[in-house]
Amino acid sequence: MTDPLAAGPDRVVLVLFHKNSVRRAVPFIDAVASRGVRVSALVADGLGWHNPPPLPAGVDVYSLGRAETRRPFVWTYTALVERLPGGALRRLERLPGPLGRAAGKARRAQRTIAGKLRRRVFWPVYRPLRSHAVRRAALRRLGPLELDTAARLVLADDAAVPLGWALAKRHPRLDVTRSLHLGPYQDRPVIAPVPEGPDRPAAPRPYRQL
């Protein structure tokens, strides 16, 4: 039987739900892309995705950031604790005189308190639930990823595993793995060396929203 991964160009989809996984994934992306393999990435770049390492240019990046921030628990928390109080104080801050100055001080205090609550209350509650929340959001929006045209699905972090299980059932032909090693691609010749250095091009942001 012919290995479908060994014949001709194919396509790999990476699932990256933590920004820390990007740095580990980039060498894999460079290696397979330089061997003529198309690479797509599915990222959950909403909450907690600040200043991640850039994904290489040429990667088709699809984002679940907006979908995650619209999940009921996330939306309710951020609206009640962060957006609504911050917005009200920002409008009051524009008032002249002592009231505007007082609102400015209150707004700065509110940002500090909201930041502490996010770290100490929101994330301890949400983090254990996040992989399943993002999985539910993803399963409704995966059409543009065209998984039927992909040969391999790489789950780059633990949070992506529940989604990977669901997709393995839906797409039994798809090779689903946690491995970021070259595997079946290592014997392919390098046909397009990847640019190196600080000026190497990156996938443009904002990413395509699902």
Side-chain angles (χ1 to χ4, degrees), residues 11-26 28-29 39-55 59-86 113-181 183 203 205-210:
R11 180 164 165 262
V12 172
V13 176
L14 281 91
V15 184
L16 300 154
F17 282 175
H18 285 300
K19 70 174 185 178
N20 294 336
S21 302
V22 175
R23 194 179 305 280
R24 295 189 300 105
V26 165
F28 171 81
I29 294 171
V39 180
S40 299
L42 176 66
V43 300
D45 61 334
L47 300 171
W49 190 277
H50 302 297
N51 300 317
L55 286 159
V59 177
D60 297 318
V61 187
Y62 298 84
S63 169
L64 289 167
R66 188 179 300 163
E68 181 180 10
T69 57
R70 289 176 176 172
R71 299 297 299 173
F73 173 73
V74 176
W75 187 92
T76 301
Y77 177 88
T78 55
L80 294 180
V81 176
E82 299 178 13
R83 291 199 305 271
L84 292 179
I113 294 169
K116 291 180 179 179
L117 287 174
R118 179 175 281 216
R119 292 192 302 272
R120 299 176 184 178
V121 177
F122 174 80
W123 278 113
V125 173
Y126 180 59
R127 188 175 287 112
L129 308 174
R130 182 173 184 258
S131 59
H132 296 283
V134 178
R135 174 184 63 83
R136 287 193 292 271
L139 289 175
R140 301 172 183 173
R141 297 171 171 84
L142 291 178
L145 267 181
E146 297 181 332
L147 289 174
D148 289 336
T149 69
R152 169 170 283 201
L153 182 73
V154 180
L155 312 173
D157 47 55
D158 292 341
V161 171
L163 177 61
W165 287 341
L167 294 180
K169 294 178 181 179
R170 291 189 179 192
H171 302 271
R173 183 197 60 83
L174 194 61
D175 179 23
V176 180
T177 179
R178 294 290 311 277
S179 174
L180 283 169
H181 298 295
R205 298 189 72 182
Y207 300 138
R208 209 172 316 175
Q209 294 292 322
L210 291 180

Note: Ala44 and Phe17 closest approach over all heavy atoms is CB-CD2, 3.6 Å

Minimum side-chain heavy-atom gap Leu180-Leu14 below 4.5 Å:
yes

Check this for me: Trp75, atom CH2, are more than 12 non-hydrogen atoms of other residues, nucleotides or ligands nearer than 6.0 Å?
no

Determine whether Thr69 and Thr78 make a side-chain contact, defined as any pair of heavy atoms from C-beta on separated by less than 4.5 Å.
no

Working to the nearest 0.5 Å, report the span between OG of Ser63 and CG of Leu210.
7.0 Å

Is it the case that the side chain of Arg24 and the backbone of Ala156 share a donor-acceptor pair, with hydrogens and angles ignored and the cut-off at 3.5 Å?
yes

What's the verdict on side-chain contact (heavy atoms from CB on, under 4.5 Å) for Val154 and Val176, showing C-alpha distance, side-chain angles and the deciding distance?
CA-CA 6 Å; Val154 180; Val176 180; over 6 Å; no

Distance-minimising heavy-atom pair for Tyr77 and Ala114
OH-O, 4.5 Å

I need the minimum non-hydrogen distance between His181 and Arg152, along with the two atoms involved.
O-NH1, 4.3 Å

Does the side chain of Val125 reach to within under 4.5 Å of the side chain of Phe73, using non-hydrogen atoms?
yes

Would you tell me whether Ser40 and Arg11 have side-chain atoms, one donor and one acceptor, within less than 3.5 Å of each other?
yes

Scan residues 113-136 for pairs that pass salt bridge (Lys or Arg N to Asp or Glu O under 4.0 Å), counting only residues two or more places apart or in two chains.
Glu68-Arg130, Glu82-Arg118

So which heavy atom on Ala137 is nearest to which on Ala67, and how close?
CB-CB, 4.2 Å

What I'd like to find out is whether the side chain of Val13 reaches to under 4.5 Å of the side chain of Tyr62, using heavy atoms alone.
no

When rounded to the nearest 0.5 Å, the distance separating OH of Tyr126 from CG of Leu47 is 6.0 Å

Is Arg178 salt-bridged to Asp157, going by a charged N under 4.0 Å from an acidic O?
no

Glu146 vs Thr149 side-chain heavy atoms within contact, under 4.5 Å:
yes

Please evaluate residues Val22 and Val43 with respect to the criterion side-chain contact (heavy atoms from CB on, under 4.5 Å), reporting the C-alpha separation (whole Å), side-chain torsions for both, the decisive distance (0.1 Å), and the verdict.
CA-CA 9 Å; Val22 175; Val43 300; 5.7 Å; no

Distance in Å, Arg71 CZ paired with Leu129 CG, rounded so as to fall on 0.5 Å steps
11.0 Å

Distance col, row Ser21:OG vs Leu155:CG, nearest 0.5 angstrom, shows 10.5 Å

Which of these, Asp45, Asp60, Leu16, sits in a side-chain contact (heavy atoms from CB on, under 4.5 Å) with Leu55?
Leu16

At what distance, to the nearest 0.5 angstrom, does CG of Leu64 lie from CZ of Arg66?
11.5 Å

Backbone of His50 reached by a side-chain donor or acceptor of Lys19 within 3.5 Å
yes

pair Pro52-Arg205: side-chain heavy atoms closer than 4.5 Å:
yes

Rounded to the nearest 0.5 Å, what separation is found between the CG atom of Asp175 and the CG atom of Leu153?
9.0 Å

Which pairs of donor and acceptor atoms, one on a side chain in residues 163-171, lie under 3.5 Å apart (sequence neighbours left out)?
residue : atom : partner : partner atom : Å
His171  : ND1  : Asp148  : OD1          : 3.1

